[in-house]
Asker: 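Sharing a structure below in structure tokens format, with a few things to ask.
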Amino acid sequence: MAEPADKPEGSLTESPDATEESPEEMEMNEIFQEKPASSHAIHPDGNERPPISHSVFGKIPKRYIVAFMAFLGFCNVYMLRVNLSVAIVAMVSNMSVEHEDGAVTYIQEFYWDSKLQGMVLGSFFYGYIVTQIPGGWLATKFGGKVLFGGGIAMTALLTLFTPLAIRGGAYTLMGIRIVEGLFEGVTYPSIHAIWKNWAPPLERSQLATAAFSGSYVGTFLCLPICGVLAEHVGWPSIFYVFGALGLVWFVGWWFIVTDSPATHSTISYQELEYIRQTIIVEGGVAKEGAIPWKKVLTSGPVWAILVAHFCENWGFYTMLTSLPLFLQQIFHYDLDEDGVLSAVPYLVMAVVVMGSGQLADFLRQRQLLSTTAVRKIFNCTAFVIQAIFMTAVAFTHDAVAAISCLTVAIGVGGLAWSGFSVNHLDIAPQYASLLMGVSNCIATIPGIVSPSVVGQLVQHKLATEWEMVFFIAAGVYLFGAIIYAVFASGELQPWAEGSVQYVLCSDEDYSEADKEGMIQDEEEEEDVRRETGDGKEDDKETSDSDFVK
């Protein structure tokens with residue numbers, strides 16, 4: 001039996017000692033083109049898999065469909081999180097009321113000062129931080145499908161009741177936002193439980209960042225839509241629209257996505273084998289009670305991830321919750337303009353996140369840079385540029401210049417997501433969900449603290465008060481760049497090696513017909529070797545146990 005392939009399908013890298021494709025490359029190209037190597041494609045329940053569809057949708061590899069559904073999921077995650085940032089501006093703004101006699105008066109629906117607004121905006125994260133580590137642990141036990149989908153669905157359901165909670169007062173709103181945070185807190189840790197099974201090692205960056213980019217596309221879409229809804233329909237409509245969208249997405253997620261390729265009903269045998277063979281090289285899921293907590297918590301690369309995640313989220317959450325307020329207070333934009341301008345940096349960030357994932361994996365596949373070098377360069381470059389442009393915002397009082405600098409500062413942060421956010425899968429793939437839970441727990445602290453800090457600093461709506469907000473963000477980014485440059489690693493850590501076992505497809509997952517098909521494929525592979533001039537025999541005979549590691 002041929003050794004497990006460690007190249008991504010469709011890799012353009014040629015073998016150094018042969019001009020023709022190796023059998024492994026031919027097999028990967030066959031997978032990529034969806035040309036079945038065998039008719040024996042059996043689902044784990046013992047039934048034959050459906051024949052490969054010739055429709056455009058049927059030819060798309062299922063892991064890309066999973067990535068697209070995760071992308072839409074993260075769109076909803078952030079639309080459900082961000083909507084209050086715009087709604088609260090409308091809720092506390094003066095509204096003009098024209099009377100029958102032509103007189104115009106101004107009223108304020110909610111009399112909440114800046115401190116109370118900061119508490120309301122930060123309340124979501126009190127719940128969000130609590131479920132990060134439990135979410136990672138539960139994902140390792142029960143898989144990511146239920147947690148990721150269920151967390152978003154429950155948040156969406158609660159969002160529908162948010163207008164009612166607002167009528168009950170600020171503290172009632174804070175209560176429902178805390179509960180929303182509890183449910184949404186499991187989403188980031190649980191998605192790594194999906195990628196652990198679905199993402200081949202050299203496709204991790206592009207699949208994970210494609211999904212994560214949904215966060216910024218969601219923010220980009222949410223901010224202007226919220227502004228239009230608040231201005232022309234009324235702020236309660238914001239919560240009804242985005243709550244409904246979240247529930248619609250959940251229905252699609254539930255019926256399309258599975259925790260593992262082995263349990264997907266329409267995946268091709270070729271794609272299933274490609275994923276299994278590439279992932280199996282790096283080991284897999286942890287045994288019961290095998291988490292080496294002492295080594296994890298004293299690991300330099302782990303702390304590099306924790307610090308980088310914290311620093312990125314400090315600047316991100318500061319702008320996410322306060323950018324609409326900044327544009328209104330300093331440059332006096334109305335809600336329509338405010339929503340559009342606040343959204344532009346997140347569109348840039350979404351593009352950068354997706355592009356950086358592709359570039360990072362390209363550099364790794366071509367072996368132009370090591371995984372460690374890729375993670376450090378992308379992460380530290382982002383942080384340094386962000387620090388420079390955050391500082392620039394503090395020194396400019398021109399609207400166009402300030403918005404341009406903020407667009408660069410927020411947008412270039414997308415590079416960092418090909419650094420720290422995928423790094424968990426590099427250093428310990430079997431503990432990736434748990435590590436993401438720990439790092440996102442630490443990284444949630446800025447969501448709690450930064451709105452309150454802004455509320456304390458900006459009490460008189462002065463430009464000089466906002467300068468300090470940007471100086472703090474710049475300093476945090478520089479600190480993160482230094483720590484990540486010194487301690488980060490892209491290599492599998494010693495404490496993550498050894499006592500693990502990965503079983504993507506067990507022996508029971510294949511019927512006798514399927515096993516016979518595999519043997520037939522082995523014989524066909526031998527014929528290919530002879531035809532290409534490679535007459536070397538395999539070092540060992542193929543057996544059923546070769547398909548179970």
Side-chain angles (χ1 to χ4, degrees), residues 43-45 49 57 60-80 128 131-158 180 182-200 203-204 207-215 218 245-268 271-272 275-276 279 284-286 421-422 424-425 429-437 440 502-506 508-509:
H43 186 262
D45 61 11
R49 295 184 186 279
F57 184 79
I60 300 174
K62 297 302 180 287
R63 63 190 183 278
Y64 297 158
I65 295 175
V66 172
F68 179 67
M69 290 304 298
F71 165 86
L72 293 179
F74 279 113
C75 278
N76 279 281
V77 164
Y78 266 75
M79 287 190 293
L80 294 169
Y128 188 73
T131 50
Q132 293 297 319
I133 296 176
W137 180 81
L138 288 170
T140 63
K141 300 293 181 181
F142 304 109
K145 175 184 175 179
V146 173
L147 285 176
F148 187 74
I152 295 173
M154 289 304 299
T155 306
L157 185 62
L158 289 168
E180 287 180 15
L182 287 171
F183 283 109
E184 205 170 282
V186 302
T187 53
Y188 270 87
S190 60
I191 199 62
H192 271 347
I194 297 288
W195 296 135
K196 179 187 65 181
N197 293 332
W198 276 97
E203 293 183 22
R204 284 173 183 160
L207 289 173
T209 55
F212 288 143
S213 67
S215 303
L245 286 175
L247 293 176
V248 170
W249 168 85
F250 173 72
V251 174
W253 172 265
W254 189 257
F255 287 103
I256 293 174
V257 174
T258 61
D259 281 308
S260 166
T263 56
H264 198 288
S265 62
T266 61
I267 192 171
S268 68
E271 185 182 4
L272 175 62
I275 294 172
R276 187 186 68 85
I279 291 180
V285 299
S421 76
V422 193
H424 316 77
L425 290 161
Q430 69 273 29
Y431 304 126
S433 293
L434 195 59
L435 290 178
M436 175 56 97
N440 213 30
Y502 188 81
V503 182
L504 180 60
C505 304
S506 66
E508 290 79 9
D509 287 341

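In this chain, numbering begins with 1 at the start of the sequence shown. Since this is a predicted model, take the numbers as computed values, not measurements.
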Asker: If you define the side chain from C-beta out and look only at heavy atoms, does anything of Y64 sit under 4.5 Å from L207?
Answerer: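 With C-beta onward as the side chain, the pair touches.
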Asker: Measuring from T263:OG1 to K145:NZ, what's the distance to the nearest 0.5 Å?
Answerer: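 So the OG1 of T263 and the NZ of K145 are separated by 8.0 Å.
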Asker: Quick one: closest heavy-atom pair of P200 and I275, and the distance?
Answerer: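 Residues P200 and I275, closest heavy atoms: CG-CG1, 4.4 Å.
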Asker: Kindly give the heavy-atom pair with the smallest separation between D259 and G144, and that separation in Å.
Answerer: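 In this case the closest contact between D259 and G144 is OD1-N, 2.9 Å.
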Asker: Do the side chains of F148 and I194 get nearer than 4.5 Å, heavy atoms only?
Answerer: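 Of all side-chain heavy-atom pairs linking F148 with I194, none is under 4.5 Å.
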Asker: Could you check if a side-chain atom of T266 sits within less than 4.5 angstrom of a side-chain atom of H264, using non-hydrogen atoms only?
Answerer: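 Yes. Closest side-chain heavy atoms under 4.5 Å.
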Asker: Got a sec, which residues hit side-chain contact (heavy atoms from CB on, under 4.5 Å) with F142, two or more places apart in sequence or on another chain?
Answerer: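 Only L138 meet the side-chain contact (heavy atoms from CB on, under 4.5 Å) criterion with F142.
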Asker: Short question: side chain of S190, backbone of A139 - any donor-acceptor pair under 3.5 Å?
Answerer: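 Checking the backbone N and O of A139 against the side chain of S190, no donor-acceptor pair under 3.5 Å is found.
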Asker: I want to check something: taking the side chain as every heavy atom from C-beta on, are F183 and L158 in contact at a cut-off of under 4.5 Å?
Answerer: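 Sidechains of L158 and F183: in contact.
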Asker: Minimum heavy-atom separation for L434 and I133, please, with both atom names.
Answerer: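 Scanning both residues completely, I find the closest heavy atoms to be CD1-O, 3.9 Å.
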Asker: Evaluate side-chain contact (heavy atoms from CB on, under 4.5 Å) for Y128 paired with L182, printing each intermediate quantity in order.
Answerer: CA-CA 5 Å; Y128 188 73; L182 287 171; over 6 Å; no
Asker: If we check side-chain contact (heavy atoms from CB on, under 4.5 Å) with W253, which of these qualifies: V257, I256, V251?
Answerer: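 Only match with W253 under side-chain contact (heavy atoms from CB on, under 4.5 Å): V257.
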Asker: Taking side-chain contact (heavy atoms from CB on, under 4.5 Å) as the definition, give me every residue that meets it alongside F250, ordered by chain and number, with sequence neighbours left out.
Answerer: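 So F250 forms a side-chain contact (heavy atoms from CB on, under 4.5 Å) with A153, W254.
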Asker: My understanding is that only residues two or more places apart in sequence, or in another chain, count here; which of them pass side-chain contact (heavy atoms from CB on, under 4.5 Å) with L72?
Answerer: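 In terms of side-chain contact (heavy atoms from CB on, under 4.5 Å), with neighbours along the sequence ignored, L72 is linked to F68, M69, W249.
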Asker: So P261 and R63, do their side chains get closer than 4.5 Å, heavy atoms only?
Answerer: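 A side-chain contact is absent here, since even the closest heavy-atom pair is not under 4.5 Å.
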Asker: Minimum heavy-atom separation for V186 to G135, with atom names?
Answerer: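 In terms of heavy atoms, the two residues are closest at CG1-CA, 4.0 Å.
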Asker: Measure the CD1-CG distance between I191 and N440 for me, rounded to the nearest 0.5 Å.
Answerer: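 Spacing of CD1 (I191) from CG (N440) equals 12.5 Å.
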Asker: Considering residues at least two apart in sequence or located in another chain, which fulfil the side-chain contact (heavy atoms from CB on, under 4.5 Å) criterion with V77?
Answerer: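 Checked V77 against side-chain contact (heavy atoms from CB on, under 4.5 Å); matches are F74, R81, I152, E184, T187.
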Asker: Within this structure, what is the CH2-CD1 distance for the pair W198 and I65, rounded to the nearest 0.5 Å?
Answerer: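 The distance works out to 8.5 Å.
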Asker: Please report the shortest heavy-atom distance between I267 and K62, naming the atom on each side.
Answerer: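 For I267 versus K62, the nearest heavy atoms are CA-CG, 3.8 Å.
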Asker: So, do L80 and E180 sit near enough that their side-chain heavy atoms are less than 4.5 Å apart?
Answerer: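 They are not in contact (no side-chain heavy atoms under 4.5 Å apart), so the answer is no.
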Asker: Does any N or O in the side chain of S268 come within less than 3.5 Å of the main-chain N or O of E271, such that one atom is a donor and the other an acceptor?
Answerer: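 At least one qualifying donor-acceptor pair exists.
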Asker: Could you work out, with ring-ring contact (aromatic ring centres under 6.0 Å, His included) as the rule, every residue matching F71, not counting sequence neighbours?
Answerer: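 ring-ring contact (aromatic ring centres under 6.0 Å, His included) list for F71, sorted by chain: empty.
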Asker: Please name the pair of heavy atoms, one in A70 and one in A211, separated by the smallest distance, quoted to 0.1 Å.
Answerer: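 Heavy-atom minimum between the residues: CB-CB, 3.7 Å.
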Asker: Quick check: does any side chain N or O of R204 sit under 3.5 Å from a backbone N or O of V422, one acting as donor and the other as acceptor?
Answerer: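 Checked: no pair found.
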Asker: To the nearest 0.5 Å, how far apart are CH2 in W195 and CD in E203?
Answerer: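 Here the rounded value is 10.0 Å.
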Asker: Does S215 have any side-chain hydrogen bond (donor to acceptor under 3.5 Å, both in side chains) partners at least two apart in sequence or in another chain, and if so, which?
Answerer: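 With neighbours one apart ignored, the set is Y188.
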